[in-house]
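This report concerns only the one structure given below.
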Amino acid sequence: MSAETSLPPSRARLPKALGRILHPVASFAGSSGQAVLAVAIVALVVVISLLAFGASVMDTHITTFDPLKMNIRARLEPPSAEHWMGTDKIGRDMLARVVAGSWISLSVSFAVLAVAAVIGTSFGLIAGYAGGLADEILMRVTDLFLAFPALILAAAIAASFGGGMVSTTIALAAVFWPWYARLIRSRILSLKEQEFIAAARCMGASHLRLIFSDLLPMVWPLVIVQATTDVGFVILAASGLSFLGLGAQPPTPEWGAMIFDSLTHQPASWWLAVFPGGAIAFVAIGFNLLGDSLRDHLDPSLGASEAGI
């Protein structure tokens with residue numbers, strides 16, 4: 001009996017499942033130099049954030065120093081061989097805190113975009129397909145949220161919930177979902193006039209089948225591209241709320257909160273703001289490149305203006 005046939009069925013299926021996942025990723029990454037760079041950056045960020053999450057669950061850390069442990073005698077040390085990114089005002093290692101903050105920033109961003117995409121896509125599908133009074137009501141509700149400046153509305157919502165990461169997630173989801181509603185509605189309005197929808201109606205397809213089997217699969221590439229591009233914007237917005245004191249609360253190692261804590265020590269302790277700010281820029285650039293590459297890979301017909309980029 002060969003080694004392959006002696007494997008348990010669950011283990012034998014694992015390599016095939018991994019192959020089905022990795023093959024599309026490899027195909028996408030090989031489509032262009034930009035895609036290679038985007039996949040490399042995003043993969044690095046995701047791996048680091050998952051390691052940081054695992055370390056927090058196991059009550060340990062993946063760097064030499066604990067991101068929450070104070071050492072007053074080592075306060076405000078510049079970058080060195082011992083502390084690669086220096087230390088903060090109470091002696092905590094900045095590298096450890098930047099790494100630990102990766103999970104917080106990404107998890108909030110993914111949660112916000114998941115909620116925003118579901119709500120916005122639902123509103124857009126119903127408004128675009130139903131039209132008439134339903135379209136008017138849903139779009140006026142959407143316009144009500146769009147009437148306020150995004151950051152001010154998010155700050156007001158976060159403050160009303162008392163601040164913290166949960167409040168930040170709710171506030172940013174409330175800010176981002178209207179853009180998905182508008183985006184999907186415009187796409188549905190054009191798609192529902194296509195010949196394949198008319199043919200499905202003539203064959204007796206129900207409204208639910210038209211929405212979920214015909215229209216929804218056509219707009220998913222648009223949602224994925226927009227959500228990928230918005231990751232960087234959500235991280236920036238979450239960091240902005242933390243900067244205002246409405247997001248992560250001390251001693252949580254969130255990038256925006258770290259920049260806020262550095263204000264009283266600038267410009268002498270430049271590393272306190274440069275490294276968290278650099279992490280935000282690095283992640284935002286990576287996901288923007290990924291979204292741009294995905295747009296061309298999933299649906300080349302999607303122009304930048306239609307994708308909202």
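Numbers for residues simply follow the sequence, beginning at 1.
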field: NE2 on H61 to CG on L51, rounded to 0.5 Å
entry: 14.0 Å
- request: Fit a plane to each ring of W103 and F53, take the angle between them on a 0 to 90° scale, and name the class: parallel (under 30°), tilted (30 to 60°) or perpendicular (over 60°).
  value: tilted
task: Look up atom OG1 in T169 and atom CE in M165, then write down how far apart they are to the nearest 0.5 Å.
output: 6.0 Å
Spacing of CG belonging to D230 relative to CG belonging to N288, to within rounding of 0.5 Å: 8.5 Å
Test item: R92 side-chain N/O and L68 main-chain N/O as donor-acceptor pair under 3.5 Å: no
query: What heavy-atom pair brings S242 and G256 nearest, and what distance separates the two atoms?
result: CB-C, 4.0 Å
- prompt: Which atoms form the tightest heavy-atom contact between A158 and S167, and what is the distance?
  reply: O-CB, 3.8 Å
message: Let me confirm one number: the CG-CZ distance from L146 to R140, rounded to the nearest 0.5 Å.
response: 10.5 Å
Backbone N/O of V118 and side chain of T121: donor-acceptor pair under 3.5 Å: no
- prompt: Is the shortest heavy-atom distance from the side chain of L222 to the side chain of Q226 under 4.5 Å?
  reply: no
- prompt: Would you find more than 12 non-hydrogen atoms of other residues, nucleotides or ligands less than 6.0 Å from F275 atom CZ?
  reply: yes
task: Could you tell me whether the side chain of S109 and the main chain of S105 form a donor-acceptor pair under 3.5 Å?
output: no
message: Would you say L106 ends up clustered with V57 if hydrophobic residues are merged whenever their side chains have heavy atoms under 4.5 Å apart, either directly or through other cluster members?
response: yes
message: Pair T87, E77 - check side-chain hydrogen bond (donor to acceptor under 3.5 Å, both in side chains), show working.
response: CA-CA 5 Å; T87 61; E77 289 188 1; 5.0 Å; no
- request: Verify side-chain contact (heavy atoms from CB on, under 4.5 Å) between L263 and F243, making sure each step is shown before the conclusion.
  value: CA-CA 10 Å; L263 290 181; F243 184 85; 3.6 Å; yes
field: Qualifying residue for side-chain contact (heavy atoms from CB on, under 4.5 Å) with V219, from L183, I224, I188
entry: I188
query: Quick one: do V231 and F282 end up in the same hydrophobic cluster if we chain Ile, Leu, Val, Met, Phe, Trp and Tyr together by side-chain heavy atoms under 4.5 Å apart?
result: yes
- line: Taking every heavy atom of P178 against every heavy atom of A174, the minimum-distance pair comes out as CD-O, 3.5 Å
task: Output the distance between atom CD (E254) and atom CD1 (I235), rounded to the nearest 0.5 Å.
output: 9.0 Å
- prompt: Is the number of heavy atoms from other residues, nucleotides or ligands within 6.0 Å of CZ (F196) greater than 12?
  reply: yes
- prompt: So, the side chain of T60 versus the backbone of A55: is there a donor-acceptor pair under 3.5 Å, distance only?
  reply: no
- prompt: Which pair of non-hydrogen atoms, one from A100 and one from P253, has the smallest distance, and what is that distance?
  reply: CB-CG, 3.8 Å
query: Is there a side-chain contact between W271 and P78 (heavy atoms, below 4.5 Å)?
result: yes
message: Set out, in order, the CA-CA distance, both residues' side-chain angles and the distance that settles side-chain hydrogen bond (donor to acceptor under 3.5 Å, both in side chains) for Y129 and D135, then state yes or no.
response: CA-CA 8 Å; Y129 182 80; D135 183 25; over 6 Å; no
- prompt: Any link between V47 and I285 through a network of hydrophobic side chains (Ile, Leu, Val, Met, Phe, Trp, Tyr) touching at under 4.5 Å?
  reply: yes
message: Regarding D93 and K69, does a basic nitrogen lie under 4.0 Å from an acidic carboxylate oxygen?
response: no
Non-hydrogen side-chain atoms of M203 and R209 separated by less than 4.5 Å: no
- request: Spell out, yes or no, whether L241 and I259 are grouped together once hydrophobic residues are joined by side-chain heavy atoms under 4.5 Å, including indirect joins.
  value: yes
- request: Could you go through the side-chain contact (heavy atoms from CB on, under 4.5 Å) check for Y180 and F123 one step at a time?
  value: CA-CA 9 Å; Y180 288 84; F123 270 54; over 6 Å; no
- prompt: Are any non-hydrogen side-chain atoms of D261 and D88 less than 4.5 angstrom apart?
  reply: no
message: Donor-acceptor pair, distance only, cut-off 3.5 Å: does the side chain of T63 make one with the backbone of F65?
response: yes
task: Mind listing the closest non-hydrogen atom pair of P217 and S213 along with its distance?
output: CG-O, 3.4 Å
Backbone N/O of S239 and side chain of W255: donor-acceptor pair under 3.5 Å: no
Backbone N/O of L272 and side chain of S269: donor-acceptor pair under 3.5 Å: no
statement: Distance col, row L138:CG vs R185:CZ, nearest 0.5 angstrom, shows 9.5 Å
Donor-acceptor under 3.5 Å (K192 side chain, G128 main chain): yes
- prompt: Would you say P79 and W84 make side-chain contact, with heavy atoms under 4.5 Å?
  reply: no
- request: In sequence, state the C-alpha distance, the side-chain angles, and the governing distance for V115 and W177, and then conclude on side-chain contact (heavy atoms from CB on, under 4.5 Å).
  value: CA-CA 8 Å; V115 174; W177 76 260; over 6 Å; no
message: Please find the pair of heavy atoms, one from I62 and one from I48, that lie closest to each other, and give the distance.
response: CD1-O, 4.3 Å
message: What I'd like to find out is whether the side chain of K89 reaches to under 4.5 Å of the side chain of S262, using heavy atoms alone.
response: no
task: Just do the side-chain contact (heavy atoms from CB on, under 4.5 Å) check on M258 and V98 with the steps written out, would you?
output: CA-CA 9 Å; M258 293 164 66; V98 168; 3.7 Å; yes
field: Side chain R97, main chain P67, donor-acceptor under 3.5 Å
entry: yes
- prompt: Honestly curious: do I152 and V112 fall in one hydrophobic cluster under the side-chain, below-4.5 Å linking rule?
  reply: no
- request: Kindly indicate whether the side chain of I157, heavy atoms from C-beta on, has any atom under 4.5 Å from the side chain of L172.
  value: no
query: Is there a side-chain contact between L216 and L125, using heavy atoms and a 4.5 Å cut-off?
result: yes
task: Specify whether F110 and F287 have parallel, tilted or perpendicular ring planes, treating 30° as the upper limit for parallel and 60° as the lower limit for perpendicular.
output: perpendicular
message: Closer than 4.0 angstrom, basic N to acidic O: yes or no for D214 and R201?
response: no
- prompt: Do Q249 side-chain atoms and G247 backbone N/O form a donor-acceptor pair below 3.5 Å?
  reply: yes
